[in-house]
Protein chains: 2
Amino acid sequence: MATKCANCPLQRSDVFIDLGEDEIRFMQKFKVGELEVNPGTPLLMEGSNSPQLYTALRGMGVRYKTLANGNRQVINFVFPGDFIGLQAGVMGEMQHSVEAKSPMTLCVFDRSEFWSFFKTHPERAFDLTWMAAAEEHFLGEALASVGQRTAFEAISWALCKIMLRGQALGLAIDRVMPIPFRQQDLADALGLSLVHTNKTLSKLRNRQLANWGDEILVVNDLGALADAAGMTLEPLMKRPIM
Amino acid sequence: MATKCANCPLQRSDVFIDLGEDEIRFMQKFKVGELEVNPGTPLLMEGSNSPQLYTALRGMGVRYKTLANGNRQVINFVFPGDFIGLQAGVMGEMQHSVEAKSPMTLCVFDRSEFWSFFKTHPERAFDLTWMAAAEEHFLGEALASVGQRTAFEAISWALCKIMLRGQALGLAIDRVMPIPFRQQDLADALGLSLVHTNKTLSKLRNRQLANWGDEILVVNDLGALADAAGMTLEPLMKRPIM
DNA sequence: CGGTCGATTGACACCTTTCAATACGGGTGG
DNA sequence: CCACCCGTATTGAAAGGTGTCAATCGACCG
């Protein structure tokens, strides 16, 4: 049974901006179904022209690009509340792929209705643009991490970011957060080799900054981790959801 | 005297989608003036809440972030037609700075009118979202370059990208393009040291792939350069302008 | 029980960074 | 007109962070 938008589980989290009644009705009309997938399932492929757009309700995944030489660049990690397919919606085709890394539940929208966002619901269109700008912001930070930080700092930064989102979403219970990613995913996100990523993770473990193993991330002192990353902890902004 | 939108020089380039008459009238109302700046002038600062948004009419610049350790990450290069300040427009404040690297002419818009895009001109709002998505796409590619390519490949990629845009915009005359950037700018964009950037550039020069010096970039064989970068040359999409 | 996947480790090669020094053009003040 | 300073580009040498190669180990699974 598809979840009703009125009962959207995401609305319970206070990192998301509350939708008005009218907006909820509109999204409900827009929603064509719900999708449950297993880890490893590809949701969108680079170059594809998918008729479907998604909002992640539960579970996690990765966005990535595959290069000519076979290398993979993980663009970022997908968490509940993330909108998937914006590029396909506005530009016609995806520029990266999206794959589930844990069991996921996704809200499915019909792309052909996409334009009606702009025509009839300007607030929703604005939210969409907001999300695009937020993504641009994140990618700018990621670029700075990959470009300017050492492996140690970059990994600290990434784990910090993940934990922050996890806490905001209620996925982290008291500094402990389950994450389905592999070390290779993190390595591909930061442009590091798997081996070096592994060794750096164990260094973080030795220094009691972060402990990631058995699909579980533990961070005792977020502040210390952020220091190690050379970043400043900023409170997350409230975000809209689709 | 400020240029009239009806005579917008950008509209002459065929990389940009033609605006309808109504749209031109609307943009004209939105436009509050024109700004001419010298190289080195900061246009927007990270964290600022600028009341002004811009479209680059002439000249080039850079977007960049400054990290806690003082390092600088150049997010990308600004060319004519680029919209500057989207983040401030939708999220309230800029997440990166923008600085002119050559003399620039900018179209100035009033941010307080920003919302009217969405309320009264859904096509314009859509174009804005399109541009945000395109930027997201570009940043994804940049991330892949910095993360997965060697210095030699990354620099080839960057010069290729620059030349492609230059040609599309008519800034490149027969494989020759003036660019006001410094080697340090490119180094900061790709996460490389200045010294290594310099040496890699001279390697490109030796191999007759690209010659950048005296503020001029010469690329004889774009295909060969793209090969060196391990990228595939794709025709630029037509883009909207604001 | 063999086979696969992910995590871990050690050794070694090498791409990049850092440190230093030189060169060259443009601007400025004496 | 010349000395001097500053930003940018170049080069050489040495140090070091990361990548690559290889082997081991534990957990899960048919």
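In what follows, chains carry the letters A, B, and so on, assigned in the order in which the sequence lines appear, proteins first and then strands, with residues in each chain numbered from 1.
Proximity of B/Asn198 to the phosphate of D/dA9: no side-chain N or O atom is located under 4.0 Å from OP1 or OP2. Not one side-chain nitrogen or oxygen of B/Arg149 sits closer than 4.0 Å to the OP1 or OP2 atom of C/dC15. Between A/Gln183 and the phosphate of C/dT8, there is a side-chain N or O to OP1/OP2 separation shorter than 4.0 Å. Side-chain N/O atoms of A/Arg205 include none lying less than 4.0 angstrom from OP1 or OP2 on C/dA7.
The interatomic distance linking B/Leu217 (CG) with D/dA9 (C1') rounds to 16 Å, in whole Å. Rounded to an integer number of Å, the gap from CD of A/Gln184 to C1' of C/dT4 is 16 Å. In this structure, the CG atom of B/Asp185 is 15 Å from the P atom of D/dG7, given to the nearest Å. Here D/dG17 presents its P atom at 13 Å from CZ of A/Phe152, a figure rounded to the nearest Å. With rounding to whole Å, A/Trp212 atom CH2 is found 11 Å from C/dG6 atom C1'. The distance from atom NZ of A/Lys101 to atom C1' of C/dG6 is 11 Å, rounded to the nearest whole Å. Across the protein-nucleic acid pair, B/Arg182 atom CZ and D/dC6 atom C1' stand 13 Å apart, rounded to whole Å. Here D/dT18 presents its C1' atom at 11 Å from NZ of A/Lys203, a figure rounded to the nearest Å.
By the 6.0 Å and 45° rule, B/Arg165 does not stack over the aromatic ring of B/Phe79. Stacking of B/Arg239 on the aromatic ring of B/Phe16 is not recorded, the 6.0 Å distance cut-off and the 45° axial limit not both being met.
No side-chain donor from either of B/Glu93 and B/Ser48 sits under 3.5 Å from a side-chain acceptor of the other.
Using bins of under 30°, 30° to 60° and over 60° for the plane-to-plane angle, the ring pair B/Phe83/B/Phe109 lands in the tilted bin.
End-to-end axis angle for the helix from C/dC1-D/dG30 to C/dG30-D/dC1, using five pairs per end and rounding to 10°, comes out at 30°.
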Base-contact (B) and sugar-phosphate-only (S) positions in nucleotides 19-30 of chain D, heavy-atom cut-off under 4.0 Å, - elsewhere
BBB---------
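When side chains are defined from C-beta on, A/Lys65 counts as touching B/His137, because their heavy atoms get closer than 4.5 Å. The side-chain heavy atoms of A/Leu190 and A/Thr197, taken from C-beta on, include no pair separated by under 4.5 Å.
In this structure, the separation between CZ on A/Arg58 and SG on A/Cys107 is 10.0 Å, given to the nearest 0.5 Å. Rounded to the nearest 0.5 Å, atoms CG (A/Asp82) and CE (A/Met242) are 12.0 Å apart. Taken to the nearest 0.5 Å, the CE atom of A/Met104 stands 11.0 Å off from the CD atom of A/Glu99.
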